[in-house]
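Just so we're clear, the structure is a prediction, and the values are computed from it rather than from any experiment.
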Amino acid sequence: MRSLNSPAAVDLKSLIRTAVPPGTTRVGSGHRSIIQCNVNSSTNNQATGISFGPGRARYEWQSACAILASKVESQQQDTQKSGADVVNGHATLDLVPVKDQSTSPATVPLKKPLSIADFSPAPLHGAQLRVAYQGVPGAYSEAAAGKAYPNCEAIPCDQFEVAFQAVELWLADRAVLPVENSLGGSIHRNYDLLLRHRLHIVGEVQLPVHHCLLALPGVRKEYLTRVISHPQALSQCEHTLTKLGLNVVREAVDDTAGAAEYIATNNLRDTAAIASARAAELYGMQILADGIQDDSGNVTRFVMLAREPIIPRTDRPFKTSIVFAHEKGTSVLFKVLSAFAFRNISLTKIESRPHRHRPIRLVDDANVGTAKHFEYMFYIDFDASMADVRAQNALAEVQEFTSFLRVLGSYPMDMTPWSPSSSAADD
């Protein structure tokens, strides 16, 4: 290679000062400048408007860019106190110019961008897994996430759909969301989201619900004028609140722990919340009444969601969840259920939801005229693994009677024992 000091050498400073070729991008100013070179062929030199003279080859241009990049990097090391970020042993460069904070003190600092570590696969067995849940710290969903994946990093989300999206966008490895409660029934929103998103059910966990009446320290029950909590929590404690002699207004909020956080943040001394004992500890609340649920057998079932399904097995109890839409005709649902009954497969749940894209079905009959019927999607849970030949044959038969069939997941059943929570109504 020619010496840079020779007359035929390329003057790097004049190259930058006189012209910037189309394949070259200059970002920022001063010592934060970054040059990106993209020369695809030797013929591109003519298109740039910069002549290298006779005998100049593409490698000389690439060499010049490499030398320039090294000089920029050396200037950055001399002017900065701390070195560049290092990822996997390689130095990284800032792609966005950072303004001098001394000249613009009102500049809002940029948020830390996602790094390679944010998108790397998490270790197995629940260690350091990022698990998304709906609510704020202290919510029952957070406790369910901890039960499903001990030692995980719980990530709170303000909505159910945000938890789905967090897993899809690799911001979380799993999501733990409620699907039904023993008193309040199914959480229909999450059933609709299961169909809308492409996540897979990889497990389930059942969590006993133990409600507490929380208020700020020093507040007495007779001073309360309202109680706030999630709508299901309010309905699950309706009779107990009446037995406690509370003449209060019930107001619904997004979640139980959020109600406690709201009272603590706004210093509301006339308001109580129905939430968990952990929420009282986190937000500095006192427990006025413990175990105020009307039924001691109050349990919420959560499902664990992941981007990829797990391999079904037959060495332990498995459950499979499906959703389908039936074809036009009579006795279709009976035929679907018979496919499981003939093979001695137990159904643990069947849920119908209106078909969003086809809500109404018209049936013309010469005798009675035109009838309108709702179209439904059916969700079914049954006790069998997809590795079981009986389940495979049953679904093959079901597919003959349905226009749409999807397996939401085949996963291990939650076999952990639980004891009913004590209720204040029993005192």
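- Summarising the local packing, CG of N266 is surrounded by more than 12 heavy atoms from other residues, nucleotides or ligands at distances under 6.0 Å.
- A distance-only check finds a donor-acceptor pair linking the side chain of D173 to the backbone of R130 [under 3.5 Å].
- Atom CG of L305 is separated from atom CG of L194 by 6.0 Å, given to the nearest 0.5 angstrom.
- Within a 6.0 Å radius of CG in N344, other residues, nucleotides and ligands contribute 12 heavy atoms or fewer.
- Ring centers of F404 and F324: at least 6.0 Å apart, outside the cut-off.
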Determine, step by step, whether Q236 and N181 satisfy the side-chain hydrogen bond (donor to acceptor under 3.5 Å, both in side chains) criterion, reporting the C-alpha distance in whole Å, the side-chain angles of both residues, the deciding distance to 0.1 Å, and the verdict. CA-CA 10 Å; Q236 293 166 9; N181 177 264; 3.1 Å; yes

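- When all heavy atoms of A279 and G138 are compared, the closest pair comes out as CB-O, 4.0 Å.
- Separation of atoms CG (L246) and NZ (K221) is listed at 6.5 Å; rounding is to 0.5 Å.
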Can you check side-chain hydrogen bond (donor to acceptor under 3.5 Å, both in side chains) on E168 and H197, steps first, answer last? CA-CA 9 Å; E168 290 178 329; H197 296 268; 3.0 Å; yes

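- The main-chain N or O of L405 is never found under 3.5 Å from a side-chain atom of T402 such that the two would form a donor-acceptor pair.
- Taken from CG in D388 to CG in N393, the straight-line distance is 9.0 Å, to the nearest 0.5 Å.
- Looking at T348 and D381, their side chains never bring a donor and an acceptor atom within 3.5 Å of each other.
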Could you walk me through whether L214 and I263 satisfy the side chain to side chain contact (heavy atoms under 4.5 Å, CB included) test, starting with their C-alpha distance in whole Å, then the side-chain angles of each, then the deciding distance to 0.1 Å, before giving a yes or no? CA-CA 9 Å; L214 311 181; I263 293 175; over 6 Å; no

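- Residues meeting the ring pair (Phe, Tyr, Trp, His ring centres under 6.0 Å) test with Y411, sequence neighbours left out: none.
- Closest of all the heavy-atom pairs between F302 and P178 is CD2-N, 3.4 Å.
- Although no hydrogens or angles enter the test, the distance criterion places a donor-acceptor pair under 3.5 Å between the side chain of R307 and the main chain of V167.
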Stepwise side chain to side chain contact (heavy atoms under 4.5 Å, CB included) check, K319 with F382: CA-CA 6 Å; K319 181 183 293 186; F382 59 88; over 6 Å; no

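- In this structure, T320 contributes its side chain and S410 its backbone to no donor-acceptor pair below 3.5 Å.
- Within the 4.5 Å cutoff, the side chain of I350 has heavy atoms near those of the L333 side chain.
- Closest approach of I345 to D383, counting heavy atoms only: CG2-O, 4.2 Å.
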Could you go through Q286 and L216, starting from their C-alpha distance and side-chain angles, then the distance that decides it, and tell me whether this counts as side chain to side chain contact (heavy atoms under 4.5 Å, CB included)? CA-CA 6 Å; Q286 67 169 336; L216 292 176; over 6 Å; no

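- For the pair V323 and Y191, the minimum side-chain heavy-atom distance is 4.5 Å or more.
- Taking all atoms of both residues into account, the shortest heavy-atom contact from F318 to P312 is CE2-CA, 3.7 Å.
- Proximity of V303 to V176: side-chain heavy atoms (C-beta onward) are nowhere separated by under 4.5 Å.
- Checking side-chain atoms of S229 against main-chain N and O of T256 turns up no donor-acceptor pair under 3.5 Å.
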Criterion side chain to side chain contact (heavy atoms under 4.5 Å, CB included) on L195 and M377, from CA distance to verdict: CA-CA 10 Å; L195 185 60; M377 305 289 293; 3.8 Å; yes

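- R313 CZ: 12 or fewer foreign heavy atoms inside a 6.0 Å radius.
- Counting only distance, with no hydrogens or angles, the side chain of S186 and the backbone of E180 share no donor-acceptor pair below 3.5 Å.
- A salt bridge links E142 to R278: at least one charged side-chain nitrogen sits closer than 4.0 Å to a carboxylate oxygen.
- Around the CZ atom of R316, the shell of radius 6.0 Å holds more than 12 heavy atoms that belong to other residues, nucleotides or ligands.
- Side-chain atoms of N298 and S182, non-hydrogen and from C-beta on, do get closer than 4.5 Å to each other.
- Side-chain contact of E351 with H188: a donor-acceptor pair under 3.5 Å is present, judged by distance alone.
- In this structure, the side chain of E397 does not engage the main chain of V336 through any donor-acceptor pair within 3.5 Å.
- With H230 contributing its side chain and Q232 its backbone, the two residues share a donor-acceptor pair below 3.5 Å.
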Let's go through H210 and D290 carefully: what are the C-alpha distance in whole Å and the side-chain angles of both, what is the deciding distance for side-chain hydrogen bond (donor to acceptor under 3.5 Å, both in side chains) to 0.1 Å, and is it a yes or a no? CA-CA 8 Å; H210 190 84; D290 189 15; 2.7 Å; yes

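- The structure places OH of Y262 at 15.0 Å from OH of Y283, a figure rounded to the nearest 0.5 Å.
- Side chain of D294 to backbone of H239: a donor-acceptor contact under 3.5 angstrom is found.
- At least one donor-acceptor pair under 3.5 Å links the side chain of K147 to the backbone N or O of Q206.
- The aromatic ring centres of Y140 and H211 sit less than 6.0 Å apart.
- Residues F160 and L177 meet the side-chain proximity criterion, which asks for heavy atoms closer than 4.5 Å.
- Residues M285 and A260 share a closest heavy-atom pair of SD-O, 4.0 Å.
- Between D270 and L224, every side-chain heavy-atom pair lies at or beyond the 4.5 Å cut-off.
- Here E251 pairs with R226 under the side-chain hydrogen bond (donor to acceptor under 3.5 Å, both in side chains) rule; sequence neighbours left out.
- Taking a cutoff of 4.0 Å between a charged side-chain nitrogen and a carboxylate oxygen, E400 and K335 do not qualify as a salt bridge.
- For the pair P231 and A252, the tightest heavy-atom approach, listed with the atom from each and the gap, is CG-CB, 3.7 Å.
- Between V179 and I187, the closest side-chain pair of non-hydrogen atoms is not below 4.5 Å.
- Contact annotation: the side chain of R353 never approaches that of Y376 to less than 4.5 Å [non-hydrogen atoms, C-beta and beyond].
- Put simply, CD1 on I155 and CZ on R174 are 12.0 Å apart, with the number rounded to the nearest 0.5 Å.
- With values rounded to the nearest 0.5 angstrom, M386 atom CE is found 12.5 Å from I310 atom CD1.
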